[in-house]
Amino acid sequence: MLQKPRGTRDFLPDEMEARRAVEWRLREVARRWGYREVCTPEFEDLELFTMRSGEGIINEMYVFEDKGGRKLALRPEITAAVIRMYINEAKVAPKPLRWCYYADCFRYERPQKGRYRQFWQFGVELIGADSAIADAEVIMLASDMLDTTGVRYELKVGHLSFVKTLLKDVEPETQRKIRQQLDKKDFEGLEQTLDEMKKPDLAESLKTLVATQNLSEAFEIVGAIPERERIEQTIGYLDAAGIMYSLNLGIARGLDYYTGIVFEGFADNLGAENQILGGGVYRLAHLFGGDDVASCGFAIGFDRVMVSLGETARTKDTVAAIVCTPETRNRALEVARAFRSAGIRTEMDLMDRGFGQQLSHAAKTADFAVIIGQREAASGEVTLKDLHTGEQKTVTLDAAVAGVVASGSRG
């Protein structure tokens with residue numbers, strides 16, 4: 001028997017309905033903030049991804065050659081594709097551009113909890129606004145989006161200028177090693193690396209920076225930096241908006257990608273792989289032949305959000321099952337149309353079951369049975385049975401529809 005490819009999943013209706021409910025809440029938040037949806041191809045020229053990340057990323061990607069000999073790749077992320085689209089399609093559009101997307105990505109890596117080879121991201125890109133309030137807007141939107149999912153999370157905000165300033169005299173290869181140690185909070189390794197370089201004071205400064213929750217103290221550690229005013233303004237806007245976050249000025253991941261403010265979200269119930277959001281200020285367009293436009297964005301790991309939410313209670317559609325005889329089926333079709341026109345999920349028997357069998361099946365799958373026998377067909381009424389309470393009554397079609405609508409969704 002054929003199985004699905006490793007690292008992919010099948011989603012049955014209950015799970016798809018849960019995923020769509022969260023997805024549409026995210027879409028609604030993006031809409032309220034003025035972010036409009038865009039879509040890029042699922043595969044792009046391989047160079048789009050290797051130009052920024054180097055050839056080493058190929059081992060983590062699904063790469064193929066088409067019949068014309070072109071080297072292509074399934075997208076491992078979407079930001080690069082969005083910036084490529086900006087250069088191709090919207091370079092002269094009025095700024096700023098507020099764009100969002102929901103799409104699947106592909107990475108060839110070892111599957112584990114919250115990490116798959118096909119996974120979905122909900123992301124936002126703000127293109128063409130280079131200011132503290134622009135940076136703050138994207139972080140506020142990220143917070144609003146995580147709030148709407150219902151996930152329990154911690155938002156951490158930092159700025160790369162702090163680490164960059166402390167490491168300015170360290171050669172690039174060693175900088176990468178130190179950043180990895182900071183990211184993993186491997187302070188023992190950090191001390192060893194800097195002891196070997198005869199820079200023990202730098203190790204202490206980095207550890208103090210990572211630990212501080214005070215912006216003024218951070219500036220005292222690193223000294224004067226050109227970005228100070230913008231950093232203080234951005235943090236001030238977040239505080240004014242009441243955003244719940246903690247400072248993490250030791251965020252070092254993505255130093256080659258991001259250029260300023262950075263932020264990350266971490267959720268419960270995910271074990272070691274608990275990051276559900278990452279973003280910041282970046283400049284990519286000039287690498288792809290465009291202008292050196294400022295951008296700020298983030299991506300939410302949608303699958304990790306769903307794993308973190310777990311088996312939470314969710315609202316299900318109210319279901320009405322039409323129960324009829326062969327002789328009353330034409331009337332039943334009219335009744336079903338009326339219920340569906342009112343927005344009620346309505347199902348009819350397609351298996352030529354007997355009257356009793358239809359009721360038994362409805363008890364397993366529906367909330368209400370709408371019964372149309374010879375008497376109901378003759379009178380123009382229906383018998384409405386609540387399958388949870390057993391209560392039933394014969395009423396007009398309009399009253400039956402209104403009664404089901406008034407009952408609300410059943411959990």
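Being a predicted model, the structure only gives us computed values, none of them experimental.
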Gln118, Glu77, Glu60 screened by side chain to side chain contact (heavy atoms under 4.5 Å, CB included) with Arg107, the one that passes: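 Output: one option passes, namely Glu77.
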Identified side chain to side chain contact (heavy atoms under 4.5 Å, CB included) partner of Leu160 from the options Val262, Thr165, Val281: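 Result for side chain to side chain contact (heavy atoms under 4.5 Å, CB included) with Leu160: Val262.
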Kindly check if the number of other-residue, nucleotide or ligand heavy atoms within 6.0 Å of [atom1] ([X]) is above 12?
X	atom1	result
Glu109	CD	yes
Lys156	NZ	yes
Arg152	CZ	no
Glu188	CD	no
Arg337	CZ	no

Looking only at side chains, do [X] and [Y] share a donor and an acceptor under 3.5 Å apart?
X	Y	result
Ser205	Thr208	no
Gln213	Ser246	no
His361	Asp349	no
Glu125	Ser295	no
Asp104	Tyr116	no
Gln181	Thr193	yes
Glu376	Thr383	yes
Tyr153	Asn274	no
Glu137	Tyr35	yes

Tyr245/Phe263 aromatic ring centres below 6.0 Å: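 No, they do not, as the ring centres are separated by 6.0 Å or more.
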Output field: ring centroids Phe302/Phe122 closer than 6.0 Å: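 No: the rings miss the under 6.0 Å criterion.
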Heavy-atom side-chain proximity of Glu191 to Glu204 below 4.5 angstrom: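 They are in contact (side-chain heavy atoms under 4.5 Å apart), so the answer is yes.
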Residue pair Phe43, Arg75: steps toward the side-chain contact (heavy atoms from CB on, under 4.5 Å) verdict: CA-CA 5 Å; Phe43 57 90; Arg75 59 190 178 206; over 6 Å; no
Lys/Arg cation over aromatic Phe106: Arg117, 6.0 Å, 45° cone: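 Verdict for Phe106: no cation-pi partner in Arg117.
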Row check, Trp120 ring normal vs Arg19 NZ/CZ: under 6.0 Å, within 45°: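 Geometry flag: set, cation within 6.0 Å and 45°.
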